[in-house]
> 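Let me give you the structure first, and then I'll get to my questions.
Please read all numbers here as calculations on a predicted model, not as lab measurements.
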Amino acid sequence: MAGDVEQIRGHGPHDQETADSIRREAVERMHRELAAKLATFDDRDVWQQWLRFAGSFHQYSFSNTCLILMAKPDATLVAGYRAWQTKGHQVRRGEQAIKVFAPVTRNVPLEDANGNPILDANGRQTTLRQVVGVKLTSVFDASQVEPPPQIQRPQPTLLTGDAPAGLWDSLTVFIASEGFTVTRGDCGSANGITDFTAREVRIRADVDAAQSVKSLCHEAAHLLTMDAVEIATYGARQCRGVAEVVAESVAYLVTQAHGLDSRQYTFNYVAGWALEAAGRDAQARSIDQVVRETGDRVISATHRILSHTQPAIDQTTPTPADAVGASPGLATWETVAPRNRPHTEAVNPVSRSRYRGTPGLVR
């Protein structure tokens, strides 16, 4: 069946509808497989350890997240000087503090409707702690302390090598049809940026073609799946997690359909943002649950992109060999351990929730 879509393509509206139906069913299958693999992939236990560790740190407001970003774009976990000491770590001499806002509070005596003091059971005045202002306070990142925390956030590994022939050009045309231009250039510490005000998608120029086309597909997915509310609230970590899971899932499925296996990057990337979307608490949804819940948006966007890029041999189409576990049309599913690398694509929700003065997204 690997050639079914190719054989019927271009023979009329009815045949095209059949090809589209086959492709959509295959994309749905691939998405189910992605969720299943993320339920058991190699780094899952490491992510859970990280989640428990990170949950012991104070969660910062959006304003403070922006201040942390501006002061130290690669920050991961931040805490005050004394807080690090209580965790068994010492801030290194000479490290520059990150300034964030902290509340100024005071105890306000409580009174009843007649202005009389409200007393507790022991006859003492009751008070309410009230925020009366803010002040700047100093915090430090995990990279600024000794000994360094032993539990580290798993990192996705940049893709290397060539991209599928014609995929970059096809995606560029597709993005242009959405009213956006594609450029190459500086993206800060991200791999790609979508600026909805300037209607520009920019991809960093110093990565291999495989990573470039994967990032371009990620940005294309944002164009198709984010509404005005999501764009406006994108800087907030709690709002951004699902958007990143959706976009990277789409990028994975599209590149997979074109024969490019991006799992070494996608699995850890999606896992990190899925956990961020789920929340750091005991009742948090699992990684695979978050991925499954995005199914409709992911499948719809993937199908739309693939309908335009038209893989030369439709890699999403199942073959008879699928029944015995071999699929020449779809790369074999495996898991890989992450490798160290100097740069990541929006891995850390604190360091990548970037606001540049315009509603732009960074990857």
> Say whether K99 and S138, considering side chains only, have a donor N or O and an acceptor N or O under 3.5 Å apart.
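Per modelled atom types, K99 and S138 side chains form a pair under 3.5 Å.
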
> Flag the pair L34 / S249 as yes when at least one side-chain heavy-atom distance between them is below 4.5 Å, and no otherwise.
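A side-chain contact exists here, since the closest heavy-atom pair is under 4.5 Å.
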
> Would D195 and R202 count as a side chain to side chain contact (heavy atoms under 4.5 Å, CB included) here? Give the steps.
CA-CA 8 Å; D195 189 330; R202 187 186 318 144; 5.8 Å; no

> Would you say the rings of F180 and H222 are close, in the sense that their centroids are separated by under 6.0 Å?
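No.
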
> Please name the pair of heavy atoms, one in G161 and one in D208, separated by the smallest distance, quoted to 0.1 Å.
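Closest approach of G161 to D208, heavy atoms only: N-OD2, 2.8 Å.
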
> If we ignore hydrogens and angles and just use 3.5 Å, is the side chain of E248 paired with the main-chain N or O of V245 as donor and acceptor?
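Between the backbone of V245 and the side chain of E248 there is no qualifying donor-acceptor contact (under 3.5 Å).
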
> Between D120 (side chain) and N122 (backbone), is there a donor-acceptor pair under 3.5 Å?
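A pair under 3.5 Å: yes.
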
> Do other residues, nucleotides or ligands put more than 12 heavy atoms under 6.0 Å from the CG atom of D162?
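Incorrect, the count does not exceed 12.
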
> Between OG1 of T157 and CD of Q264, what distance do you get to the nearest 0.5 Å?
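Reported value, rounded in 0.5 Å steps: 5.5 Å.
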
> Under the salt bridge (Lys or Arg N to Asp or Glu O under 4.0 Å) definition, can you give me all pairs with a residue in residues 165-179, not counting sequence neighbours?
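Non-adjacent pairs meeting salt bridge (Lys or Arg N to Asp or Glu O under 4.0 Å): E178-R304.
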
> Restricting to salt bridge (Lys or Arg N to Asp or Glu O under 4.0 Å), what partner residues turn up for R184, sequence neighbours left out?
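If we apply the salt bridge (Lys or Arg N to Asp or Glu O under 4.0 Å) test to R184, skipping adjacent residues, there are no hits.
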
> Who are the side-chain contact (heavy atoms from CB on, under 4.5 Å) partners of T172, not counting sequence neighbours?
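In terms of side-chain contact (heavy atoms from CB on, under 4.5 Å), with neighbours along the sequence ignored, T172 is linked to W168, V182, L216.
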
> The test is ring-ring contact (aromatic ring centres under 6.0 Å, His included); show your working for F140 and H89 and say whether it passes.
CA-CA 11 Å; F140 299 87; H89 304 275; over 10 Å; no

> Which atom pair, heavy atoms only, marks the closest approach of P109 to T127?
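Here P109 and T127 meet closest at CA-CG2, 4.0 Å.
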
> Can you list everything that forms a side chain to side chain donor-acceptor pair (under 3.5 Å) with T105? Sequence neighbours excluded, please.
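Scan of T105 (side chain to side chain donor-acceptor pair (under 3.5 Å), adjacent residues dropped) gives R129.
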
> If I take atom CZ from residue R204 and atom CD1 from residue I193, how far apart are they, to the nearest 0.5 angstrom?
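Result: 11.0 Å between the selected atoms.
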
> So, using side-chain contact (heavy atoms from CB on, under 4.5 Å) as the criterion, who are the partners of V134 when residues are at least two apart?
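For V134, the residues satisfying side-chain contact (heavy atoms from CB on, under 4.5 Å) (neighbours in sequence not counted) are F101.
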
> Determine yes or no for a side-chain-to-main-chain donor-acceptor pair under 3.5 angstrom, with S177 supplying the side chain and F174 the backbone.
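The answer is yes, because a donor-acceptor pair under 3.5 Å joins these two groups.
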
> Mind checking what makes side-chain contact (heavy atoms from CB on, under 4.5 Å) contact with E146, not counting sequence neighbours?
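Applying side-chain contact (heavy atoms from CB on, under 4.5 Å) to E146 gives R92, P148.
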
> Are a donor atom and an acceptor atom from the side chains of T194 and E219 found within less than 3.5 Å of each other?
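Yes, E219 and T194 have a side-chain donor paired with an acceptor closer than 3.5 Å.
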
> Closest approach of D261 and L159, non-hydrogen atoms and distance?
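Scanning both residues, the minimum pair turns out to be O-CD2, 4.3 Å.
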
> Salt-bridged, R29 to E33, with N to O below 4.0 Å?
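Salt bridge between R29 and E33, a charged N being under 4.0 Å from a carboxylate O: yes.
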
> Can you name the residues that form a salt bridge (Lys or Arg N to Asp or Glu O under 4.0 Å) with D296, not counting sequence neighbours?
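Applying salt bridge (Lys or Arg N to Asp or Glu O under 4.0 Å) to D296 gives none.
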
> What are the two closest heavy atoms between I98 and I68, and how far apart are they?
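Reported closest heavy-atom pair: CG2-CA, 3.9 Å.
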
> Could you walk me through whether H258 and T255 pass the side chain to side chain contact (heavy atoms under 4.5 Å, CB included) test, one step at a time?
CA-CA 5 Å; H258 281 269; T255 54; 5.7 Å; no

> Using the test side chain to side chain donor-acceptor pair (under 3.5 Å), find all partners of T183 that sit at least two apart in sequence or belong to another chain.
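So T183 forms a side chain to side chain donor-acceptor pair (under 3.5 Å) with E200.
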
> In the hydrophobic clustering (ILVMFWY, side-chain contacts below 4.5 Å, transitive), which residues join L110, or is it alone?
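L110 shares its hydrophobic cluster with I118, L128.
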
> Sequence neighbours excluded, which residues qualify as side chain to side chain donor-acceptor pair (under 3.5 Å) partners of T126?
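Side chain to side chain donor-acceptor pair (under 3.5 Å) check on T126 returns nothing, list empty.
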
> Tell me yes or no: between the side chains of H218 and E244, is some donor less than 3.5 Å from an acceptor?
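Result is yes, a qualifying pair exists.
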
> In chain order, what residues pass the salt bridge (Lys or Arg N to Asp or Glu O under 4.0 Å) check against D112, with sequence neighbours excluded?
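With sequence neighbours excluded, D112 shows a salt bridge (Lys or Arg N to Asp or Glu O under 4.0 Å) to no residue whatsoever.
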
> Would you check if the side chain of D141 reaches a backbone N or O of V78 as a donor-acceptor pair within less than 3.5 Å?
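Side chain of D141 to backbone of V78, a donor-acceptor pair under 3.5 Å: no, none is there.
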
> Would you say the side-chain atoms of T302 pair up with the backbone N or O of V298, donor to acceptor, closer than 3.5 Å?
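Answer holds: yes.
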
> For residues T266 and R263, determine if any side-chain heavy atom of one lies less than 4.5 Å from a side-chain heavy atom of the other.
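Answer no - side chains too far apart.
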
> If you measure from CG on L253 to NE2 on H31, what distance do you get to the nearest 0.5 Å?
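Between atom CG of L253 and atom NE2 of H31 there are 6.5 Å.
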
> List the atom of V207, the atom of N191, and the distance in Å for their closest heavy-atom pair.
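In terms of heavy atoms, the two residues are closest at CG1-OD1, 4.5 Å.
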
> Taking only residues two or more places apart in sequence, or in another chain, which ones meet R297 in a side-chain contact (heavy atoms from CB on, under 4.5 Å)?
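Partners of R297 under the side-chain contact (heavy atoms from CB on, under 4.5 Å) test: T225, E230, V242, V246.
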
> Looking at S212, is its backbone amide N or carbonyl O close enough to the side chain of S215 to form a donor-acceptor pair, meaning the two atoms are under 3.5 Å apart?
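Between the backbone of S212 and the side chain of S215 there is no qualifying donor-acceptor contact (under 3.5 Å).
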
> Please report the closest heavy-atom contact between A257 and M30, naming both atoms and the distance.
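Looking at all heavy atoms of both residues, the closest pair is N-CE, 4.3 Å.
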
